[in-house]
Amino acid sequence: HCYCSLTNSDGSLCCPDNTGEDTNAEDDQGHGTHVAGIASGDFPPYSGVAKKSNILPIKVCNENGACAVSDIIMAIDRCTANASRYNISVISISLGGGGPYNNYCAGDVLEPAIISAANQNISVVVSAGNNGFTNGISTPACIEAATPVGAVNGLSMVYNRGDILNLVAPGMSITSPYVGGSTASLSGTSMATPHVSGTIAILQQFYKKLFNQYLTPQQIETTLNNTGQVIDDLSSSGKYYSRIDVLAAIMSLDSISPVLTFSSPTPDNNTLQSQNSVLLNITSSEILQLTTLEWNGVNTSSNLTTYIIENLTHGNYTYRIFGKDLANNSNFTETRTLRVNLPPAITFNRPTNQSVHPGDFQLDIYIQDPDLVSEAEYLLFSSNFSQQYRTNILSSSFTFRDDINSLDSGSYTLTISAVDTIGFQTSKSISFMVDSAAPGVNMASPVNNSVHSDLLSVQILISDRNISNISYNVQNTSGIIK
C-alpha cells in the first residue's frame, strides 16, 4: 500500500499512480527495498534474517526520502487494523529525526499509533538515528512503546545512542537487494533496525509453535536484551548495550524438553534375541547436542542418536537413552529390556579344520549352552560317503565322542548342529583330510643284491598325498653306516 502526500521533484504526488494513496508500494528511492531485504529477503547469496517471511510493504516517503508524519500514522494504523488478517507481528520503521532524546518523548504525535500497535502485540521497531548523538536518540524511536535500535560496527557503537536505547544490531556496510535488481552496501541504524525486526518475526514464530501464543513487545525486548552480547560504550555514552544474538534468544525461550522415541531397528521391549550385538536408534523432536546411553546402569555419552552394542553374552539387559537439546532441556526414552540367548557354542576338538587323520579316529566335539542343549547331531560326508547321528540331550554341556572307522582317503566335511531348550539352533562345519594308505616306496637305486664300489648313489621314489617325514639308513654286517 502507499500513503504518500508529499510531492516528488517533478511536483507529482509520491505514490506510484501520482496520488496520495495507492495500492502499489513500488520503491522509487531504494532505501525501502534495502531494509526489506535485510529483514526477509531471499536474494542469493544474500538472505534476510527471517528469510522468505511475508511482508506488507507500505510506502510513506517520496523519492528523496522525505516522509509526512500523517502518512506514517496511517501506515502504522493500517498494520494494526490488519494484524489478524495478515498475522502481523512486527512493524519495522527505518526513519526518524530530531533529538537527542535521552528520555521517553511522551506526547509525540506518533505515540498513539505506536501504542495502539503495541497493544495488538505488534513490536514497533524504530531506528535510533544517524546523527552521532551519544546522549540521546531520534523520534519516533524515543516513544516508550517503540523498540529503538542502534547500530554497531563489530563491537563498537556507531550513530545515536543514549539512556533509553538498549538493543543494537549490525549497521555498517550491510549488503542487501536494491532497486533495479542489484544490491547495495549501506550503513546506518536503518540497516540495524530490520535485523531486529527479522529476529522478532523468528522469535514469534518459534514461541507460537512451542506454546501456541505470542510474546508481548516488552517480553521480546527483554529477551533480546538479556541474551545479546554486551557492548561496552562507557567511554562515550556511559552505558552498556546489547547486540542481538538470534540463537541465544531462541534458546532462552525454549523450555520444552525434547521428545525421544526408540525407532527401528531398535528391538521391542522384552525382545529375546540370539545375536551377540544390538543396534539402538532414537528419533528426537528437536536437534540434540548430547545423548547418553544408560546400559545396565553404565552411562556412555556422545552426540549420536545410534548406538551399537557388541560382544553380548547370555543374560538380561536394561537400557534407555537420555538426550539434551540445544537449550539444555533434557528428556529420556522409555526403559526397555533385552534378553540375549546365544545359540549353543560348538568346539571342534577332533577333528579340527583342515587337519589330517587316519582312517580310524575318535570324534571329539564339545557343545555348551547355559539354557541347556536339548538336541545335537553330526553329519560326516564326502563325495562317496555319508554318516549321520542324532541324540537328545538335556544338559548345559555335552561332548560328542564317536569312533570313526575305516574311512577311505579323501576330503571330508563334518557338520555339527545343536538346539537349546529355548529353540535357538546353530550349525558349524569344518573340512578335514583322511589318509588311510601307507606311503608308496620304490627303490630305484641301488637295486637288490647289486654290487657297488665305494661310491654309492641312492635314489628312492616315495609317493603319498600327506608325506610328513622321510628317513633312510645304509648298513652292513658291522652296523649302520648312514
Side-chain angles (χ1 to χ4, degrees), residues 16 25-67 89-97 123-132 137-138 141 147-161 165-206 220 224 227-229 231 233 241-250:
E26 184 175 350
D27 186 9
D28 56 2
Q29 200 275 337
H31 182 272
T33 300
H34 196 271
V35 298
I38 296 171
S40 63
D42 180 21
F43 195 76
Y46 303 102
S47 295
V49 177
K51 179 179 177 180
K52 293 185 177 181
S53 56
N54 294 322
I55 60 173
L56 179 65
I58 301 180
K59 175 179 170 62
V60 295
C61 303
N62 67 9
E63 63 184 6
N64 299 312
C67 321
S89 60
V90 57
I91 297 173
S92 190
I93 303 177
S94 288
L95 52 81
S123 294
V124 182
V125 186
V126 188
S127 56
N130 301 333
N131 310 84
I137 60 177
S138 299
T147 300
V149 179
V152 288
N153 181 14
L155 298 178
S156 300
M157 290 292 300
V158 289
Y159 307 119
N160 294 355
R161 64 264 206 194
L165 176 71
N166 293 311
L167 301 181
V168 295
M172 293 296 292
S173 300
I174 306 300
T175 302
S176 182
Y178 205 66
V179 289
S182 61
T183 61
S185 293
L186 304 179
S187 300
T189 57
S190 286
M191 284 69 247
T193 298
H195 280 88
V196 175
S197 300
T199 298
I200 292 173
I202 292 173
L203 296 183
Q204 290 286 34
Q205 182 187 46
F206 178 77
I220 289 175
L224 292 174
T227 58
Q229 181 170 358
I231 302 297
D233 194 54
Y241 300 91
S242 182
R243 189 180 74 180
I244 61 168
D245 184 325
V246 183
L247 179 60
I250 290 175

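As the structure is a computational prediction, the values presented were derived from the model and not from experiment.
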Sorted by first residue and then second, give each side chain to side chain donor-acceptor pair (under 3.5 Å) pair with at least one member in residues 33-54; sequence neighbours left out.
Asp27-Thr33

Would you say that Val60 contacts Leu95 through its side chain, given a criterion of any heavy-atom pair below 4.5 Å between the two side chains?
yes

Report the distance from atom CD1 of Ile174 to atom CE of Met191, rounding to the nearest 0.5 Å.
8.5 Å

Without swapping roles, check the side chain of Asn62 against the backbone of Gly65 for a donor-acceptor pair under 3.5 Å.
yes

Quick one: side chains of residues 177-187, donor-acceptor pairs under 3.5 Å with protein atoms, not counting sequence neighbours, listed by atom name and distance.
{"unit_1": "Tyr178", "atom_1": "OH", "unit_2": "Gln29", "atom_2": "O", "d": "3.3"}
{"unit_1": "Ser185", "atom_1": "OG", "unit_2": "Thr175", "atom_2": "OG1", "d": "2.6"}
{"unit_1": "Ser187", "atom_1": "OG", "unit_2": "Ser173", "atom_2": "N", "d": "2.7"}

Leu224 and Val196, any side-chain heavy atoms less than 4.5 Å apart
yes

Do Asn166 and Ser242 have side-chain atoms, one donor and one acceptor, less than 3.5 Å apart?
no

Measure the CD1-CD1 distance between Ile202 and Ile200 for me, rounded to the nearest 0.5 Å.
10.5 Å

Return each pair, listed once, that meets side chain to side chain donor-acceptor pair (under 3.5 Å) where at least one residue sits in residues 191-202; pairs must be two or more places apart or across chains.
Ser92-Ser197

With sequence neighbours left out, what residues match Ser190 under side-chain hydrogen bond (donor to acceptor under 3.5 Å, both in side chains)?
His31

Worked verdict on Thr189 versus Asn130 for side chain to side chain donor-acceptor pair (under 3.5 Å):
CA-CA 6 Å; Thr189 57; Asn130 301 333; 2.9 Å; yes

In Å and rounded to the nearest 0.5 Å, what is the CG to OH distance from Leu165 to Tyr241?
5.5 Å

Looking at residues at least two apart in the chain, or sitting in another chain, which of them share a side-chain hydrogen bond (donor to acceptor under 3.5 Å, both in side chains) with Ser127?
none

Minimal heavy-atom distance between Tyr159 and Gly171, with the atoms involved, is CE1-O, 4.3 Å

Minimal non-hydrogen separation, Gly150 against Ala192, with atom names:
O-CB, 3.3 Å

Side chain to side chain, Val126 and Thr147, heavy atoms closer than 4.5 Å
no

Does the side chain of Met172 come within less than 4.5 Å of Val158's, by heavy atoms?
yes

Checking Asp28 side chain against Pro16 main chain: does a donor-acceptor pair fall under 3.5 Å?
no

Whether the Ser138 and Asn160 side chains hold a donor-acceptor pair (N or O, under 3.5 Å, no angle test) is what I'd like checked.
yes

Does the side chain of Ser123 come within less than 4.5 Å of Ser89's, by heavy atoms?
no

With sequence neighbours left out, what residues match Val152 under side chain to side chain contact (heavy atoms under 4.5 Å, CB included)?
Met157, Val168, Ile231, Arg243

